[in-house]
Amino acid sequence: MQHLPLERLDGPGALRRATDLLAKAGRTGKAIFAWSVIDRPALVLGRAAREPEVDLAEARRRRIPVLRRASGGGAVLWDDGLLALDVALPSDHELVLPDVVETYAWLGRAFASALEDLGIQDVELVSVERARSEPTAEGLRAAACFGSLSPYEVTIASGKALGLAQVRRRHGTLLQAGLLLEHDSRELARLLGWDEAAAQELDRAIAPIGRHDVDELLAALERALPA
């Protein structure tokens, strides 16, 4: 497996790199782990069941590009408060299971273990049963990736800290993890046309871990991931 160091990229560059890594994993037959943070904010839309309405005039005024990723899920305000991991796996890799949901299990467990090693309390790996029993999110929470829970994501004191997404292609699978360090729910609300009350509701659903020492954080995460 190849583990790449943390890169600082813009939004379009990060999306291109993920596509390139998936193609490379398919060609070489080797898994690739790659970290990134975004140096300029972007609004990233996924393949959600309900497409959120974006205030494009507000996005232009704030000079925030609106991008689309290939993986599923809701809208993400992608900035330096989100630590992202792309895992590109060839199609026959042992970490790629026939069950799409269960393919996330090892990755969610690794993040949960690393956060506990950092001394963070009330870390919980979201079970399939818990995810299925969650009330259906509404409003901004329904539009935002971090407003609802899926199996093998990670919560802290019941608030979502880790989001997961996946892309499957004939030549390989791309797993994407986003760990919240900080989150500006009000900025996301403005871009999606919601008000302060909606932003506060989203805040109650999330649990950013705070600004940990980056080297210490990455070291703990790397220890928990497959070598």
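Computed from a predicted model, the values in this text were never measured in an experiment.
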>> With side chain to side chain contact (heavy atoms under 4.5 Å, CB included) as the criterion, how do Leu82 and Phe146 come out once you've worked through the C-alpha distance, each side chain's angles and the decisive distance to 0.1 Å?
In response: CA-CA 11 Å; Leu82 184 72; Phe146 282 89; 3.9 Å; yes

> Between Leu95 and Met1, does a side chain to side chain contact (heavy atoms under 4.5 Å, CB included) hold up when you go through it step by step?
Replying inline: CA-CA 12 Å; Leu95 295 176; Met1 296 185 185; 4.0 Å; yes

> How far apart are the C-alpha atoms of Tyr152 and Val128, what are their side-chain angles, what is the distance that settles it, and do they pass the side chain to side chain contact (heavy atoms under 4.5 Å, CB included) test?
Replying inline: CA-CA 7 Å; Tyr152 302 113; Val128 174; 4.0 Å; yes

>> Gln200 vs Glu196, test: side chain to side chain contact (heavy atoms under 4.5 Å, CB included). Steps then yes/no.
In response: CA-CA 6 Å; Gln200 291 177 3; Glu196 173 69 18; 3.0 Å; yes

>> Using salt bridge (Lys or Arg N to Asp or Glu O under 4.0 Å), reason through Arg40 and Asp79 one step at a time and then give a plain yes or no.
In response: CA-CA 6 Å; Arg40 289 181 294 169; Asp79 58 17; over 6 Å; no

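A heavy-atom distance below 4.5 Å is found between the side chains of Leu225 and Trp106. When side chains are defined from C-beta on, Val126 does not count as touching Ser150, because their heavy atoms never get closer than 4.5 Å. Annotation: side chain of Phe111 is in contact with side chain of Leu179 (closest heavy-atom distance under 4.5 Å). Looking at Asp55 and Leu191, their side chains never come closer than 4.5 Å, going by heavy atoms from C-beta outward. For the pair Leu164/Leu175, no side-chain contact is recorded, criterion being any heavy-atom separation below 4.5 Å from C-beta on.
Under the 3.5 Å distance criterion, the side-chain polar atoms of His183 are left unmatched by any main-chain donor or acceptor of Leu180. Between the Tyr104 side chain and the Gln166 main chain, a donor and an acceptor come within less than 3.5 Å of each other.
Criterion: ILVMFWY side-chain heavy atoms under 4.5 Å apart, direct or through other members. Under it, Leu43 and Ile206 are part of a common hydrophobic cluster. Placement of Leu9 and Ile64 in two distinct hydrophobic clusters is found when ILVMFWY residues are connected by side-chain heavy-atom separations under 4.5 Å, directly or transitively. A continuous path of ILVMFWY side-chain contacts below 4.5 Å connects Val101 to Leu162, so both sit in one hydrophobic cluster. Under the 4.5 Å side-chain contact rule for hydrophobic residues, Leu125 and Leu221 share a cluster. Under the 4.5 Å side-chain heavy-atom criterion for ILVMFWY residues, no single connected hydrophobic cluster contains both Leu83 and Leu67.
For Trp35, the side-chain hydrogen bond (donor to acceptor under 3.5 Å, both in side chains) partners are Glu222, not counting sequence neighbours. Judged as a ring pair (Phe, Tyr, Trp, His ring centres under 6.0 Å), and not counting sequence neighbours, the contacts of His3 are Phe33. In terms of the salt bridge (charged side-chain N to carboxylate O under 4.0 Å, His left out) criterion, residue partners of Arg61 (sequence neighbours excluded) are, by chain and number, Glu58. The side chain to side chain contact (heavy atoms under 4.5 Å, CB included) test applied to Arg211 returns Asp80, Leu181, Glu182, not counting sequence neighbours. Partners of Arg69 under the side-chain hydrogen bond (donor to acceptor under 3.5 Å, both in side chains) rule, at least two apart in sequence or in another chain, are Ser71. In this structure, the side-chain hydrogen bond (donor to acceptor under 3.5 Å, both in side chains) partners of Glu187, at least two apart in sequence or on a different chain, are Arg62, Arg190. Listed by chain and residue number, nothing satisfies the side-chain hydrogen bond (donor to acceptor under 3.5 Å, both in side chains) test with Thr173 (two or more places apart in sequence, or in another chain).
Summarising the geometry of Ala75 relative to Leu192, their closest heavy-atom pair is CB-CD1, 4.0 Å, with the distance given to 0.1 Å. Minimum heavy-atom separation, Ala14 to Trp78: CB-CH2, 3.4 Å. Among all heavy-atom pairs drawn from Leu188 and Leu77, the shortest one is N-CD2, 4.1 Å. Minimum heavy-atom separation, Pro41 to Pro65: O-CD, 3.4 Å. Taking every heavy atom of both residues into account, Ser185 and Leu140 meet most closely at O-CD2, 4.4 Å. Here the closest heavy-atom approach between residue Pro90 and residue Ala31 is recorded as CD-N, 4.0 Å.
Separating the CD atom in Glu138 from the OG1 atom in Thr136 is a distance of 7.5 Å, to the nearest 0.5 Å. Note that the OG1 atom of Thr19 and the CZ atom of Arg17 stand 11.0 Å from one another [nearest 0.5 Å].
Salt bridge absent: Asp39 and Arg8 never bring a charged side-chain N and a carboxylate O closer than 4.0 Å.
Annotation: salt bridge (Lys or Arg N to Asp or Glu O under 4.0 Å) contacts involving residues 141-159, sequence neighbours excluded, comprise Glu153-Lys160. For residues 25-34, no pair satisfies side-chain hydrogen bond (donor to acceptor under 3.5 Å, both in side chains), with sequence neighbours left out. Contacts classified as side-chain hydrogen bond (donor to acceptor under 3.5 Å, both in side chains) and involving residues 85-101 (residues at least two apart or in different chains) are given here: Asp86-Gln176. Sorted by first and then second residue, the pairs that involve residues 116-125 and meet salt bridge (Lys or Arg N to Asp or Glu O under 4.0 Å), not counting sequence neighbours, are Glu124-Arg130.
Thr103 and Arg168 form a side-chain donor-acceptor contact under 3.5 Å, judged by distance and modelled atom types alone.
Under the 4.5 angstrom side-chain criterion for Ile, Leu, Val, Met, Phe, Trp and Tyr, the cluster partners of Ile32 are Leu4, Leu21.
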